[in-house]
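Okay, so here's the structure we're looking at.
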Amino acid sequence: MFRSDRAKKGLEKVGSRSLIYATGVSKSEMGKPFIGIASSFTDLVPGHTHMRALERSIEHGIYAGGGAAFVFGVPAICDGVTMGHLGMHCSLPSRELIADMVEMVTTAHALDGLILLTNCDKITPGMLMAACRMDIPAIVVTGGPMLSGRSRMRRLSLVKDTFEAVGRYRAGEITREELDELECNACPGPGSCQGLYTANTMACITESIGIAMPGGATALAVSAKRERIAYESGERVVELVKKNMTPSKIMDMKSFENAMRVDMALGGSTNTVLHLTAIAHELGIRLPLDMFDKISRNTPHISDILPSGRYFMEDLEFAGGIPAVLKRLKPLLNDHMTVSGKTIFRLADSARIDDEEVIRPLNRPYHKEGGIAVLKGNIAPDGAVVKQTAVQEKIKRFTGKAKVFNSEEEAMKAIMTGKIKAGDCIVIRYEGPKGGPGMREMLSPTAAIVGLGLADKVALITDGRFSGGTQGPCIGHISPEAAEGGPIAAIKNGDTIEIDIPSRKLELKVSKSELTKRLKAIKAQKPKITTGYLARYAKLVTSSSTGAVMKG
């Protein structure tokens with residue numbers, strides 16, 4: 001008995017079968033499991049432009065496994081292209097749209113299983129949220145990382161050699177000719193950006209949580225290995241359907257702990273806090289912010305990958321990929337089943353570590369703690385998030401004077417016109433899930449700060465969020481957000497702000513009575529966007545501390 005039988009079996013389904021036959025399905029296929037390929041192919045996003053070939057590989061695998069394959073489209077947004085303008089309001093909200101679209105198509109056409117062909121930031125969690133919501137057999141196939149760029153025999157990456165290069169050019173360190181050369185060579189072709197930004201971090205998480213095939217996170221976009229993994233995933237998902245092996249039988253609290261552990265060990269993007277929380281929510285699992293911090297406290301950071309490190313995703317691939325990371329972390333992991341039919345421990349035992357610097361031993365880490373820290377204090381009673389492995393030791397404790405901005409654009413203008421000085425703490429508010437709306441990433445201002453040579457001299461706090469490419473003492477996800485009357489809305493220019501990452505503190509140095517007085521005086525801000533999906537999103541979205549999922 002397959003789910004698809006509801007659309008294709010019985011006398012009363014003559015009309016339905018006729019329409020299915022009209023798609024080219026043969027009579028022999030009508031009795032097979034119907035597998036949907038939720039494809040995010042698009043000409044707009046470099047991480048997705050090569051997916052037509054992967055669709056074919058997946059189809060071949062599905063047919064070889066005894067299923068019938070059906071491709072349907074899902075949109076994709078490139079965060080790098082949308083950065084710094086109106087488009088970035090759309091990025092995080094697109095996650096909920098993607099989840100709803102996959103759910104609607106899969107339910108409407110009674111599909112038996114899913115291959116989630118994805119790559120970039122919000123597409124992977126959005127698709128996975130849908131699969132978990134429906135609890136339908138599914139395998140994630142990511143498009144793979146981009147190769148490093150090259151210029152004058154130096155390896156290049158997107159963030160360091162484009163976004164941060166803007167600041168270097170403004171500071172007079174490079175010429176316009178050099179900037180143009182970086183712009184043309186930093187991204188040489190298809191794939192997700194070359195470091196542990198959100199896309200690649202999410203790919204590593206899908207493999208470590210057990211919902212992607214071994215090697216699936218790091219096999220390069222341009223490799224034949226990527227196509228073989230796509231084929232194997234298509235073949236395997238048919239078997240999962242026959243065994244009714246659904247996400248809830250693979251993804252439990254133990255597997256989420258593993259995903260967090262791998263994330264912390266690699267030093268991945270802070271956005272995974274939002275996405276893992278939202279995915280778990282669809283399975284009825286609660287992941288409190290404190291859990292991320294607890295796991296980070298006892299997970300050594302063992303891989304020095306971009307943006308804060310020196311290695312690229314291609315280095316992690318050639319060092320052994322996620323199986324090798326699992327091997328290294330095995331004493332700290334839980335054993336559980338994966339979509340491959342092999343357990344995490346079995347995958348770890350069969351892996352090989354080919355570079356002791358790319359994946360260091362647990363007793364010789366780059367940092368004693370993992371990538372993410374959760375801070376709390378009177379600015380962020382419900383928590384805030386920082387990528388602590390991207391912060392220099394000398395500035396993990398910072399006290400500065402607030403310079404307050406009510407939008408990213410205001411802050412960016414001040415940064416680029418030289419109004420930010422050493423000792424400043426930039427405050428960007430009304431950029432949270434509701435206030436943004438959409439909780440925009442702040443890569444443009446943080447990259448400009450790095451490029452201007454201020455990364456170890458200023459801090460930035462926001463109720464928005466950061467790209468996986470952000471470096472320095474940049475604290476995001478401040479909750480409650482300003483639009484909900486959170487304390488960040490009460491900060492004034494010149495206030496003293498104390499950041500203490502080792503002690504997990506984020507404090508506004510005013511008295512409790514003064515803060516209460518200021519909060520009572522705050523007037524509600526008019527919504528920045530009043531029509532369309534984003535206006536509806538702003539009304540329904542929850543706090544970043546709960547994954548910015550939509551209620552209602």
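This structure is a prediction, so every number in the text was calculated from the model and none was measured. When reading the values below, keep in mind they use all heavy atoms of this one structure, side chains included, and skip hydrogens, waters and symmetry mates.
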Any salt bridge linking [X] with [Y]? Criterion: basic side-chain nitrogen under 4.0 Å from a carboxylate oxygen.
X      : Y      : value
Glu227 : Arg56  : no
Asp121 : Arg95  : no
Arg133 : Asp100 : yes
Glu369 : Lys396 : no

Taking side chain to side chain contact (heavy atoms under 4.5 Å, CB included) as the definition, give me every residue that meets it alongside [X], ordered by chain and number, with sequence neighbours left out.
X      : answer
Lys160 : Ser157, Glu164, Leu306, Gln471
Ala411 : Phe405, Ile426, Ile428
Ala448 : Met412, Ile415, Met416
Glu173 : Arg168, Ala171

Derivation of the side chain to side chain contact (heavy atoms under 4.5 Å, CB included) call for Glu431 and Glu441: CA-CA 9 Å; Glu431 289 287 7; Glu441 289 185 345; over 6 Å; no
Test side chain to side chain donor-acceptor pair (under 3.5 Å) applied to [X] - qualifying residues, sequence neighbours left out:
X      : value
Ser40  : His48
Ser350 : none
Thr446 : Thr470

Look at atom CZ of Arg170 and say whether more than 12 heavy atoms of other residues, nucleotides or ligands are closer to it than 6.0 Å.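 No, CZ of Arg170 has 12 or fewer neighbouring heavy atoms, counting only those of other groups under 6.0 Å.
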Does Arg352 have more than 12 heavy atoms from other residues, nucleotides or ligands lying within 6.0 Å of its CZ?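 Check fails, neighbour count at 12 or below.
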What residues, two or more places apart in sequence or in another chain, satisfy ring-ring contact (aromatic ring centres under 6.0 Å, His included) together with His89?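 Scan of His89 (ring-ring contact (aromatic ring centres under 6.0 Å, His included), adjacent residues dropped) gives none.
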Please name all residues satisfying ring-ring contact (aromatic ring centres under 6.0 Å, His included) with His367, sequence neighbours left out, ordered by chain then number.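 His301.
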Where at least one partner belongs to [range], residue pairs that pass salt bridge (Lys or Arg N to Asp or Glu O under 4.0 Å), sequence neighbours excluded:
range            : result
residues 452-464 : Lys394-Asp456
residues 257-266 : none
residues 303-318 : Arg155-Glu314, Arg155-Asp315, Lys225-Glu317, Asp304-Arg310, Arg310-Glu357

Evaluate the criterion side chain to side chain contact (heavy atoms under 4.5 Å, CB included) for residue pair Leu326 and Leu333; output intermediate values, then yes/no. CA-CA 8 Å; Leu326 297 177; Leu333 296 176; 3.7 Å; yes
In sequence, state the C-alpha distance, the side-chain angles, and the governing distance for Ile305 and Phe312, and then conclude on side chain to side chain contact (heavy atoms under 4.5 Å, CB included). CA-CA 6 Å; Ile305 300 174; Phe312 291 66; over 6 Å; no
Taking the side chain as every heavy atom from C-beta outward, state whether Pro190 and Val222 have any pair of such atoms under 4.5 Å apart.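 Contact flag for Pro190/Val222 side chains = yes.
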Any donor and acceptor pair, going by atom type alone, linking the side chain of [X] with main-chain N or O of [Y] inside 3.5 Å?
X      : Y      : value
Ser467 : Leu443 : no
Glu207 : Ala212 : no
Lys327 : Ala351 : yes

First locate atom CD1 of Ile98, then atom NZ of Lys122, and finally report the distance between them rounded to the nearest 0.5 Å.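 Reported value, rounded in 0.5 Å steps: 9.0 Å.
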